[in-house]
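Below: one structure, written as structure tokens.
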Amino acid sequence: MSEALIRVQTRAVAERLRLLRSLVRETAASAGLGDDGVRDVVLAVDEACQNVVRHAYAQAQSERPLELEVLSDAGSLTFVLRDAGRAVDLDAIRPGPPDALRPGGRGLYLIRQVMDRVEHRPGPGGTGNELRLSKLIPREAR
Amino acid sequence: MSEALIRVQTRAVAERLRLLRSLVRETAASAGLGDDGVRDVVLAVDEACQNVVRHAYAQAQSERPLELEVLSDAGSLTFVLRDAGRAVDLDAIRPGPPDALRPGGRGLYLIRQVMDRVEHRPGPGGTGNELRLSKLIPREAR
Amino acid sequence: MNITTTTRDTTAIVSLSGDVDLETSPQVRKALLAALGSGSDAVLADLAEVTYIDSSGVASLVEALQKARGAGKRFALVAVSDAAHRVLELARLDRVFTIHASVEDACG
Amino acid sequence: MNITTTTRDTTAIVSLSGDVDLETSPQVRKALLAALGSGSDAVLADLAEVTYIDSSGVASLVEALQKARGAGKRFALVAVSDAAHRVLELARLDRVFTIHASVEDACG
Ligand SMILES: Nc1ncnc2c1ncn2[C@@H]1O[C@H](COP(=O)(O)OP(=O)(O)O)[C@@H](O)[C@H]1O
Ligand SMILES: Nc1ncnc2c1ncn2[C@@H]1O[C@H](COP(=O)(O)OP(=O)(O)O)[C@@H](O)[C@H]1O
């Protein structure tokens, strides 16, 4: 049984990412993830949030909801990220290590490197995305 | 015009207060409240949240929603705290400095000492409370 | 939050570090009352490493002070961090407690 | 996030401190490209004080590297903090950039 630790709603703009990171850091640390685990999870969730900021909404769009929910169970921590943009098929985007000399295109790669489980569900009716990022908690910290 | 920076929903239990404090700290710091202002605001919002934890719900109650919203405008930062407990009349509780030798009863006093505006609205139909705590942002930091 | 109790002659020193809040103050209360219940004739709460304290933490200190008075024992705060001092001030308790700069000062 | 550009002989040193994220990386990009556009024949990005860097920050570094190569200039990272190094590693870029332990090492 997983428990919702917290649910956060904000506008998907770059100025909120710092705040979201501090929230992720705090939940990951209290879940027992250790410094390296905390750092990796903060990166992955930030990359996922920043994809919502950059890709989910048209630039001019002022309504740009982003919801982050943190779920915890005995063995893992899951970050569920929801947007209300156009539903996309993220599973179709499976690049290997990104081209060293292309500046962009590293977000999903980093997320998949760092998290133990990545699940994407396009929203019903072509609207919205739900991305679930899970990290196992080391046995000795549970 | 005030802008909602973030809205957070969680269970009103002592184990979530640390996370809420870190969120308050981060928003207060980015709003430009210096170290002392940040520290005071963290205390006030924590005291308000802990009142929800201790007083809003019966101990055995497992559904115990607590919502914290942070609003910002050019001149101030407002923390809106909502519970779904029995509506109370907090304005009726106006103690002076609490008795030095009574352990409890200091929360509202600290909140009123530290915040520039404290507004309480009992919810409609006798259910729920909304507490709005505002802090002015020093002119030079706006 | 970390609590360590050490003894120096007949004085018990309860050192707190981290955030003293609604979640952790019950342990602080327990440690202070245990120290007062032991053979020591004075108890010092060392607040040097306290990064945060709320009204529930302050309530534990007040309760310890009361219990000490009742038992004719000495209770004092030591090396109060800025964060803790601010809250004592706001709660108008900074003059109610005896406060020493250091354990040495308190014992000397 | 703070960016300071200093010059030592013909080398420009862009020192970053704080979090390099989607909000702040545009400034980093601008500072790096400006340093590369100036008269200097080498640019060093000093990452000693970088507390966090995301893919957009990494992208700015990659863009600077590309531009340096195009212009026949040297671009290297210096004193890379643990936080930044981890991300370079995850992005498989830790071997793509030239990395020096210190500005002295890089200039020597
Ligand atoms: N929330 C999202 N909504 C729409 N498209 C997305 C979303 N997240 C990722 N994408 C798509 O996936 C692609 C790959 O993302 P990523 O690996 O993070 O690299 P980058 O964002 O730098 O292109 C993006 O270019 C975008 O087309
Ligand atoms: N959210 C709330 N719901 C119900 N009652 C509340 C709430 N907040 C405060 N109160 C009431 O106000 C009183 C004073 O609160 P406070 O000054 O924080 O001291 P204490 O909580 O230690 O009694 C409480 O004892 C409680 O009866």
Side-chain angles (χ1 to χ4, degrees), chain A residues 10-25 28 33-57 59 64 66 93 95-116 118 135, chain D residues 1-2 16-33 36 45 47 49-71 73 75-77 80-99:
Chain A
T10 189
R11 280 185 75 216
V13 291
E15 295 72 35
R16 295 295 166 274
L17 293 172
R18 193 186 168 81
L19 179 57
L20 293 171
R21 287 200 301 277
S22 85
L23 191 128
V24 172
R25 190 175 299 117
L33 272 181
D35 289 353
D36 292 2
V38 170
R39 190 193 49 195
D40 286 356
V41 163
V42 167
L43 176 68
V45 181
D46 188 26
E47 292 292 342
C49 291
Q50 106 174 231
N51 275 346
V52 174
V53 173
R54 294 189 302 142
H55 304 301
Y57 303 107
Q59 209 161 4
R64 22 177 68 236
L66 179 162
I93 306 175
D99 180 354
L101 287 180
R102 231 188 82 206
R106 288 189 175 78
L108 286 174
Y109 179 72
L110 290 174
I111 292 169
R112 290 187 182 125
Q113 282 247 79
V114 150
M115 300 306 283
D116 294 306
V118 178
K135 183 80 176 174
Chain D
M1 150 101 278
N2 246 304
L16 312 178
S17 77
D19 283 14
V20 184
D21 71 354
L22 188 65
E23 186 184 4
T24 59
S25 61
Q27 298 153 248
V28 171
R29 179 178 174 276
K30 227 173 112 183
L32 291 173
L33 298 184
L36 282 161
L47 308 186
E49 305 293 328
V50 169
T51 43
Y52 177 77
I53 188 166
D54 69 356
S55 68
S56 77
V58 164
S60 306
L61 299 177
V62 169
E63 210 183 323
L65 178 62
Q66 277 184 300
K67 181 164 176 190
R69 286 187 182 174
K73 296 189 174 188
F75 177 74
L77 310 182
V80 177
S81 67
D82 286 351
H85 196 265
R86 170 66 174 162
V87 180
L88 291 175
E89 225 171 57
L90 285 172
R92 311 249 180 137
L93 289 169
D94 50 324
R95 306 265 166 84
V96 171
F97 288 103
T98 306
I99 300 183

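Just the heavy atoms: all of them, side chains too, but no hydrogens, waters or symmetry mates, feed the values below. Here is the naming used below: chain letters follow the sequence lines, and residue numbers restart at 1 for every chain.
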Winner by heavy-atom pair count (cut-off under 4.5 Å) against chain D, out of Asp36(A), Val114(A), Leu43(A): Leu43(A)
Most contacts with chain D, counted as non-hydrogen pairs under 4.5 angstrom, among Val13(A), Val53(A), Asp40(A): Asp40(A)
Winner by heavy-atom pair count (cut-off under 4.5 Å) against chain A, out of Glu63(D), Gln66(D), Arg69(D): Gln66(D)
Which atoms of [X] approach chain A - backbone, side chain, both or neither, heavy atom under 4.5 Å:
| X | result |
| --- | --- |
| Leu61(D) | neither |
| Leu65(D) | side chain |
| Thr24(D) | neither |
| Leu22(D) | both |

Listed partners of Asp19(D) passing salt bridge (Lys or Arg N to Asp or Glu O under 4.0 Å), at least two apart: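 Arg18(A), Arg21(A).
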Residues, nucleotides or ligands: over 12 heavy atoms within 6.0 Å of Asp116(A) CG: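 Above 12, so yes.
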Evaluation steps, side chain to side chain contact (heavy atoms under 4.5 Å, CB included), between Leu90(D) and Tyr109(A): CA-CA 9 Å; Leu90(D) 285 172; Tyr109(A) 179 72; over 6 Å; no
Spacing of CD belonging to Glu89(D) relative to CD belonging to Gln113(A), to within rounding of 0.5 Å: 10.0 Å
Distance (rounded to the nearest 0.5 Å) between Glu47(A) CD and Ser56(D) OG: 7.5 Å
Pairing residues for Val38(A) by the side-chain contact (heavy atoms from CB on, under 4.5 Å) criterion, not counting sequence neighbours: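 Val38(A) satisfies side-chain contact (heavy atoms from CB on, under 4.5 Å) with Arg25(A), Ala28(A), Ala29(A), Leu33(A), Val42(A) only.
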Closest approach of Ala91(D) to Arg106(A) (non-hydrogen atoms, all atoms of both residues): CB-CD, 3.9 Å
Atom of Ser55(D), atom of Leu110(A) and distance for their closest heavy-atom approach: CB-CD1, 4.0 Å
